[in-house]
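What follows is one structure encoded as structure tokens, with my remarks underneath.
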Amino acid sequence: MNRGNKILKVENIDKNINNKQILQIRKYSVIKGKFNFIIGANGSGKTSLLNILSMIDNDYQGTIYYKGKIISKKERNCELRRRFSVIWQEPYLYRGNVYHNIALPLKLRGFNKKIIHKKVKNISQKIEIDDLLEQSVYTLSGGERQKVSIARALVTEPEILFVDEATTNLDEESINFFNSHFADLVTEEMTVVMVSHDRRQIKELADRIAYLKKGKILSSQAREEFDFSQLGAGICSSIEEIV
Amino acid sequence: MNRGNKILKVENIDKNINNKQILQIRKYSVIKGKFNFIIGANGSGKTSLLNILSMIDNDYQGTIYYKGKIISKKERNCELRRRFSVIWQEPYLYRGNVYHNIALPLKLRGFNKKIIHKKVKNISQKIEIDDLLEQSVYTLSGGERQKVSIARALVTEPEILFVDEATTNLDEESINFFNSHFADLVTEEMTVVMVSHDRRQIKELADRIAYLKKGKILSSQAREEFDFSQLGAGICSSIEEIV
Amino acid sequence: QDRLILATTTSTENSGLLDELIPPFEEIFEVRVDVVSVGTGQAISLGANGDADIIFVHAREAEDEFIEAGYGVNRRDVMYNDFVILGPPNDPVGISELESAVEAFSAIANAEAEFISRGDDSGTNKKELSIWVEAGVDLTESWYIEGGQGMGASITMADEREAYIFADRGTFLAYSGEIDLEVLNSGDPVLFNPYGIIPVNPAYHSHVNYPMAMAFVGFVTSQAGQNIINNFSSYGEQLFYPDAISSENLVD
Amino acid sequence: MNYYSEAFREAFNLIITLDRELLNVVATSLRLSTSSTIIASTIAVPMAVIIARKDFSAKKFFNVILNTLLSLPTVVVGIFVYSLISRRGILGEYQLLFSSTGIIMGQTILILPLITALVRNTIFSLDEKLYKTAKSLGATKKQQFKLLIMEARYGIIGAVIAGFGRVLGEIGISMMLGGNIRGVTRTMTTAMALETNKGRFSFALALGIILLILSFTINFLVYFLQEGEHYEQR
Amino acid sequence: MNYYSEAFREAFNLIITLDRELLNVVATSLRLSTSSTIIASTIAVPMAVIIARKDFSAKKFFNVILNTLLSLPTVVVGIFVYSLISRRGILGEYQLLFSSTGIIMGQTILILPLITALVRNTIFSLDEKLYKTAKSLGATKKQQFKLLIMEARYGIIGAVIAGFGRVLGEIGISMMLGGNIRGVTRTMTTAMALETNKGRFSFALALGIILLILSFTINFLVYFLQEGEHYEQR
Ligand SMILES: Nc1ncnc2c1ncn2[C@@H]1O[C@H](COP(=O)(O)OP(=O)(O)OP(=O)(O)O)[C@@H](O)[C@H]1O
Ligand SMILES: Nc1ncnc2c1ncn2[C@@H]1O[C@H](COP(=O)(O)OP(=O)(O)OP(=O)(O)O)[C@@H](O)[C@H]1O
Ligand SMILES: [Mg+2]
Ligand SMILES: [Mg+2]
């Protein structure tokens, strides 16, 4: 892979909380226009890594590059973050109805009402939640909540989409829908960084797979090189630590 | 199936919120000692049905039977509920550490400290969260939270276990572990009512499968009779409404 | 518009006299008089700090100290009324039979009848204490209750507890509709209650409205002002007696 | 002793005759309470956010101080502000004593700790995920603050109402700094205190009833504005 | 005008000489405030839970009334209780006026709405899932209540502290119902008011300083008790 492909790169990341080591990563890159999967056991640090990559968490030791440029702490501002979207593992929905939540990132970016209306309508029809737009978020079912958070992330057409187990709570049909939908989006130059435990999803979508264990990256390979059998045997089989 | 097998039964359930019909079920039974699965699309009413079966929600029209006896609204009290446990779709953990959360249902039942300590140790070792016992619940990862809620539900050794997508957020190894663990538990006379979207889980565990669509039960069959192909084709294919 | 800040005691304000006295003055001099009614000590402090232009109080000793310290100049006597000793109508101690206030106080002390004192260093309180001193009574006994409130509240307390109390006549009259207490002893010359008015010294507080303060002194001690005081009555009784000019100069 | 029937009659009379002095007193009360509540809230809300969210070394100490200040007696605030704005105080030349400004200063100081502490408690109880989410939605610092305020709005409104109630019903500061000057700084509560002093309990009660009616009306309006957004759903 | 240095010196003197009258006044203040806070909290917390959780038809109305009562002036409470316990009132025979009991009654009424409203706000902001979870864990009605209280405990402690601060710093009720009787019902705040009336501002300030020191100590203790359970983590 050539240098220009690495849209995001981190080096020598060290993150500790209360003397507990959460992450220790020598090197990890996100390849542009690809599905970059991060897998690993519960508590291995996937969400923590996503927090760092999406420049939400800036409280760590180490260097982060965006398009080959070092991004200092000060530069990790909202201007940069507006090119990203994150679908969190447990979505936080804002008090109010579904429409308000999906429209929110657009409102923050100062779009006018008409455009917001059009974009929200459009994405919510695609995700089949257009009949929920007026419903208060506190009355949604688990899957409906998740869908709203997905719509909210996609409505801004981000350059990089971070996804932390987005298909949690979703029914099979919805999962299928999203898997194909995501593939569609990537053709439009979108980069995806995805945490997933769903083997089918990994097999269907992944271009690259990074394997995290106890805060360390054990391997980061193209899908073709990845040995899926190790997952079946229990996720922590004998792979050499490559970093 | 004979009458004695139906540990729980509901008849003519009608639940509406703000004039929106959430559930309308003529008949549904939970079979003792079996894995009773409830499947259906997002928003089809699975969680709402679980609320009713576990006697948490008593605000509906209809009749509920437990071991063949009608249970009036008044009788749906904590004495009955103490025979059940529920693993919720989005777990609520109480302020404090992991130990406190797992011990809580035992404390409520008035067990003495020693027994509580033993039981909590025991279950948390099984679920491999014994090194998290002192950690505050607000710092847990998504999967760790889910595991704590599972431990909390199992520690009371319930007669009926209700599970609403428990393997959400879990890694593959943990899922495998729970699937086999659940099977173990059922041999000990435990009845399980389980909501799931995970086809593998359904295939591996389900004894009976009820298929919910828009608040109605479309089918409720033994696994052998269930046509899995309908799920692959998108969950809402052409099944006759049987109720 | 010119503004004159008058600091006075609560009892003066509560009597309603100022509502009669001030509007004509305001009209003649085109000035707004802002009345701040507080405890005696606080009124004097406001003057000393230059927060009032003029003070109108009844606490002769404190007034003299105020002038001696250089805070005030040109004190004038304005009027007087009298203090009274109130008690329950059945007068268990029988002080209504006694001539002087000192005798009445001694009788109360001997009978250990409950007595409410304001205990707030006000003019009334100081006068009360001076009478106790004259009667030679030890005030540490439990029948002597130090309330630490204004005159009105103290009268109410005495009424509640059916106790004796030393009060100014004005406040008593204001409360007479609400209470059972009656005036049991009055008229002793020692119960004389003179009111004085003192402009704040412009040499000490250069910002004060001294001209208007002097104008107000002039007004209340003028024939017109003294007449208003003389004609003021409340609950059908004359409350204050002007003493800035001799009585033959008053017109009816 | 039938204060009540008399008080209600008197209150009724005052209201229907639109007693000019009453109107004046009511207007003064409202003006002062509203001003001090607005000023105090403007300072308190950002301060509460900082206390709740920022990590600084003196934070614990600061929180204890804040709780302590909840018991600030009106007299103490009164004397404190008096010492500043009295002729001999450092702000003496501005002639703030016995003016509305003086009262507003005192009242603002009085409720600043109350509103700050209550808003802080609300923000403490919000879901931690809110902050990550706001950032990931691309909010600027200012927008993050706004989103936080919006999520905490019911708690904030509650805190502001508590502060407003506190100053509307407060006497000590208005009395000491305003001087209870008729037509200028006389408020509903100082008028009440005056009437009580005069032994006119029922008239004082009548004023109290009017004050509560007023407060009820205001709260009712606030409630209705909230209603539009389904207050009960949470 | 240097009240402050004088006030601090005076406060210091009073404290180190353990002035007997001061001790008496402090003890009275603490006794009264603690009693009324405990009584009010005992009533307010369950009431708040009912208001927050139960659906009853007059609920909206009740909430508005509650917010209104936050502006209850001390004089109104004073007159109200006075009319009950005065010699001519319905409770006249018990001789509660000018006694501690009278003050406690008044103060309890004063902070009942405050504590109730604040606890209600806290409960409103809790996660709805809490209730389902408590039921599913097999909690009895009483245990559900206890769990709810435990989850809301920081908010409740905050509300109780606010209530305590309110009565500790309150003057009107203590004055009117207690009568500020030396050695009996004189509290820190009524003593302060008295000294202010006398024009002895710095002595009043000294008392104010002592009151704040006292309040600080209490809050510090409360904070430390909470600390044990990682207050900041949320
Ligand atoms: N208060 C309410 N007002 C309106 N609709 C409601 C309310 N509460 C629940 N619903 C709707 O009821 C339906 C059933 O909800 P439920 O949570 O039972 O679904 P579910 O089958 O568990 O879905 P999922 O798989 O997404 O968890 C949903 O469409 C939801 O939006
Ligand atoms: N403040 C903290 N104190 C102690 N441990 C913490 C803290 N915050 C996070 N951790 C720990 O850091 C580890 C990594 O957490 P993270 O959320 O990144 O895991 P994850 O890979 O996303 O797991 P999952 O698949 O369960 O979501 C977990 O073991 C978690 O308990
Ligand atoms: Mg995670
Ligand atoms: Mg559900």
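Just so you know, these numbers use all the heavy atoms, side chains as well, and skip hydrogens, waters and symmetry mates. Chain A is the first sequence line, chain B the second, and so forth, proteins listed ahead of strands; every chain is numbered from 1.
- Of the residues considered (Ala193(D), Gly169(D), Ala52(D)), Gly169(D) shows the highest number of contacts with chain E, using heavy-atom pairs under 4.5 Å.
- Smallest separation of non-hydrogen atoms from Gly208(D) and Val76(E): CA-CG2, 3.5 Å.
- A 6.0 Å sphere centred on CZ of Phe216(E) holds more than 12 heavy atoms belonging to other residues, nucleotides or ligands.
- With a 4.5 angstrom heavy-atom cutoff, Met176(D) touches chain E only via side-chain atoms.
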| Audit row: Ile171(D), Val75(E), side-chain contact (heavy atoms from CB on, under 4.5 Å) steps and yes/no | CA-CA 8 Å; Ile171(D) 301 175; Val75(E) 197; 2.6 Å; yes
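- Pairing each heavy atom of Leu211(E) with each of Ser71(D), the nearest pair is CD2-O, 3.5 Å.
- Note that CZ of Phe220(D) is 12.0 Å distant from CG of Asn63(E), once rounded to the nearest 0.5 Å.
- Put simply, of Pro73(D), Gly172(D), Ala159(D), the one with the most heavy-atom pairs under 4.5 Å next to chain E is Pro73(D).
- Contact count against chain D (heavy-atom pairs under 4.5 Å) is highest for Asn219(E) among Leu70(E), Thr122(E), Ile90(E), Asn219(E).
- In this structure, the portions of Leu212(E) lying under 4.5 Å from any heavy atom of chain D include both its backbone and its side chain.
- For Thr74(E), the parts lying under 4.5 angstrom from a heavy atom of chain D are both the backbone and the side chain.
- Using a 4.5 Å cut-off between heavy atoms, Leu118(D) contacts chain E through its side chain alone, with no backbone atom that close.
- With chain D as the partner, the residue from Leu69(E), Thr196(E), Leu114(E) showing the most heavy-atom pairs under 4.5 Å is Thr196(E).
- For chain D, the option among Ser215(E), Pro113(E), Gly78(E) with the highest count of heavy-atom pairs below 4.5 Å is Ser215(E).
- Most heavy-atom pairs under 4.5 Å with chain D, from the set Ile218(E), Leu205(E), Leu207(E): that is Leu205(E).
- If you measure heavy-atom distances from Ala117(E) to chain D, you find no contacts under 4.5 Å at all.
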| message | I'd like to know whether Tyr154(E) forms a side-chain contact (heavy atoms from CB on, under 4.5 Å) with Asn121(D), so could you lay out the CA-CA distance, the side-chain angles of the two residues, the decisive distance to 0.1 Å, and finally the verdict. | response | CA-CA 8 Å; Tyr154(E) 294 124; Asn121(D) 292 351; over 6 Å; no
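- Here Tyr223(E) contributes atom OH and Phe61(D) contributes atom CZ; the two are 12.0 Å apart, rounded to the nearest 0.5 Å.
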